[in-house]
Structure formats: C-alpha cells, structure tokens
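Report on the following structure.
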Number of protein chains: 2
Amino acid sequence: MTIRKVYDCAPGCPVESTLQIIAGKWKSVIIYHLIQDHISHFGTLQRQIPACSRRMLALQLQELIADQIIVKTIDPATPLKTTYQLSAFGKTLTPVIMAMATWGSTYNQHQTADDSHQSKR
Amino acid sequence: MTIRKVYDCAPGCPVESTLQIIAGKWKSVIIYHLIQDHISHFGTLQRQIPACSRRMLALQLQELIADQIIVKTIDPATPLKTTYQLSAFGKTLTPVIMAMATWGSTYNQHQTADDSHQSKR
DNA sequence: CTGAATCCCTTAAGATACTG
DNA sequence: CAGTATCTTAAGGGATTCAG
C-alpha cells in the first residue's frame, strides 16, 4: 500500500483540495457511474469503463475507499460478489461531477456539430 | 510537440470528455486562477501555483492553448511580457471549476474542523 | 468473480542549462 | 521575463499470474 502522493499546493487553494480527491485518472468517471447507478459491482464498472484496466480500476477504488468517498461491501457468496456505492460524503461530490458531465455533453455536441474545422481527435 | 494522448473511452461518456480537457495535473488550477484574475502572466501563475514547476506550467499552458481554452498574447517589450486569459470557450468551464472550488473549500473546513480522526495528510 | 502481487516497459516530470 | 532542450529519475500502468 503506497502512501498517497499529495498535491503539496498553496495551502488554501480549494481547487487543489478537490483535485486531491478526484484527480485520479478514472476516479471522476467511477463516481459518475455510481451517481447514476447508486450501487454497482466490480465487473459492472469494468464494463462501463472499458479503457480502464482491472488493475487500475482496483487501485482507483482503493483510493476512493481510503478517502471515504466510496463504501465497499463484500458479499461472501460463491462466486464472490462485492458492491460499491457512494458514501454520504461521496455524494457531496455530485454537483462537481454533474457539472463535468453537463459540460462534457454539450462539448460532445459542439464537437460533432462543427468538426469541420476540428480535424484533430 | 507530442501528440496529445487521449482518453479512448466509451464513446459517449461526458465525464471522460471533460477530463480530456481538464485532466492535466494543473490545468484546472490554472483555469481557476484565470477565472479569478481574468488576465495573468507566466510569472504570476508560477507564484500562484508554486508546486508546479516552470516546465510543467509551460506544458500545461501549451495544451490549454491547443484546446482553445486559453488565449496567449505576446507583448514583445523588453523584458518580454505575455498575457494569458480564458477564451470564450474556456469561460464555459467556469461552472465546472467553480463547483470544484466550492466543494474544495467546504472540504477544507471539514478537514480542519475534525482532523481529530483524520490523522493522515 | 474479485481482487492482490510481480514483472517490465512507457510516460511523466524535476533539475539544470540555454535562447529570445 | 518567458520560455525551450536535454538528461535522468520516479512514477504510471499493462499483461500475466496467483489467491479467496
């Protein structure tokens, strides 16, 4: 278990504080899916975020759990089944993630609308 | 100039689209400061984000300019003076960044309030 | 199915030195 | 002041294998 690296930033900067929590490569995406599904499983998340490897998904979940954003419940049935859901604290991130989601979807429309001069990507 | 790496994600996910733009290690912080100051300079940003090296700052600015978020203006005086400001498109990110900022500041208060059981960090 | 551990290559990013 | 170039080290992250 590696010690968490830190944005050793200007002490007060609130944006950096938020980044501290959600800056992981897939964290905000994971949170986004948990906001929508309320409860989910490892395999479900993997299917929803195919570009994130199993290893990465596990690591990101670990950190989110350590930060109290996500709660993990183990159902020791066979085959093993676990559930993930946002904690009450994690749910306070909803406005942040949803702001990202709304911006992203209008951005997507904008991109497909006038990709005439947006050759890249 | 390296080609930009891409979140080759599920095609539609809006959060991943947003990350595509603001996921750089310091990008959202830079945008945040530009939202507040409206116009700024290289050295000013460096002083505001001391944990970000000069090289990193330059790289992040490059990408933000390439993504049309930021506009750079060069004033060829001596000594050289450049200005950075958000583009109209960049300003559309304001809700996202400000959501992060507000979450971060309440998080900061929460942290300092009950750091009794939050020994780490 | 849900992970943790190892191996190993790729990328990120600090330090330093140099240009306009 | 505002960057760029190079070099080196540390961290990120995929593939595979093992465990509960």
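So that the names make sense, note that chain A is the first sequence line, chain B the second, and so on, each numbered from 1. Just so it is clear, the structure is predicted and the values come from calculations on it, not from any experiment.
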Point to revise | Distance in Å, B:Ile21 CD1 paired with B:Ser28 OG, rounded so as to fall on 0.5 Å steps | key: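 Atom-to-atom, B:Ile21:CD1 and B:Ser28:OG are 12.0 Å apart.
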Let me know the distance between [atom1] of [X] and [atom2] of [N], rounded to the nearest Å.
{"X": "B:Tyr84", "N": "D:dC1", "atom1": "OH", "atom2": "C1'", "result": "11 Å"}
{"X": "A:Ile49", "N": "D:dG13", "atom1": "CD1", "atom2": "P", "result": "14 Å"}
{"X": "B:Leu57", "N": "D:dC1", "atom1": "CG", "atom2": "C1'", "result": "13 Å"}
{"X": "A:Arg47", "N": "C:dT2", "atom1": "CZ", "atom2": "P", "result": "8 Å"}
{"X": "B:Asp75", "N": "D:dC1", "atom1": "CG", "atom2": "C1'", "result": "11 Å"}
{"X": "A:Phe42", "N": "C:dA4", "atom1": "CZ", "atom2": "P", "result": "8 Å"}
{"X": "B:Lys25", "N": "C:dG14", "atom1": "NZ", "atom2": "P", "result": "6 Å"}
{"X": "B:Gln46", "N": "D:dT4", "atom1": "CD", "atom2": "C1'", "result": "14 Å"}

Kindly point out which of [options] is positioned nearest to the side chain of [X]?
{"X": "A:Leu80", "options": "D:dT4, C:dC1, C:dG20", "value": "C:dC1"}
{"X": "B:Lys72", "options": "C:dT2, D:dG3, D:dG14", "value": "D:dG3"}
{"X": "B:Ser53", "options": "D:dT16, D:dG3, C:dG14", "value": "C:dG14"}
{"X": "B:Met56", "options": "C:dG14, D:dG14, D:dG3", "value": "C:dG14"}
{"X": "B:Arg55", "options": "D:dT16, D:dT6, D:dT4", "value": "D:dT6"}

Check your understanding: Hey, does the side chain of A:Thr92 reach the backbone of A:Ala88 with a donor-acceptor pair shorter than 3.5 angstrom?
Key ->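 Flag not set: sc A:Thr92 to bb A:Ala88 has no pair under 3.5 Å.
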Review point. Where the side chain of A:Ser87 meets the backbone of A:Ile69, is there a donor-acceptor pair that is under 3.5 Å apart?
Key: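 Side chain of A:Ser87 to backbone of A:Ile69, a donor-acceptor pair under 3.5 Å: yes, one is there.
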Point to revise | Donor-acceptor side-chain pairing of B:Gln85 and B:Asp37 below 3.5 angstrom | key: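 Per modelled atom types, B:Gln85 and B:Asp37 side chains form no pair under 3.5 Å.
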Practice item. Report yes if a side-chain nitrogen or oxygen of B:Gln62 is closer than 4.0 Å to either non-bridging phosphate oxygen (OP1 or OP2) of D:dT4; otherwise report no. Key: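 Result: yes.
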Check your understanding: Nearest heavy-atom pair of B:Gln60 and B:Trp26: which atoms, and what distance?
Key ->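 It is OE1-N, 3.0 Å.
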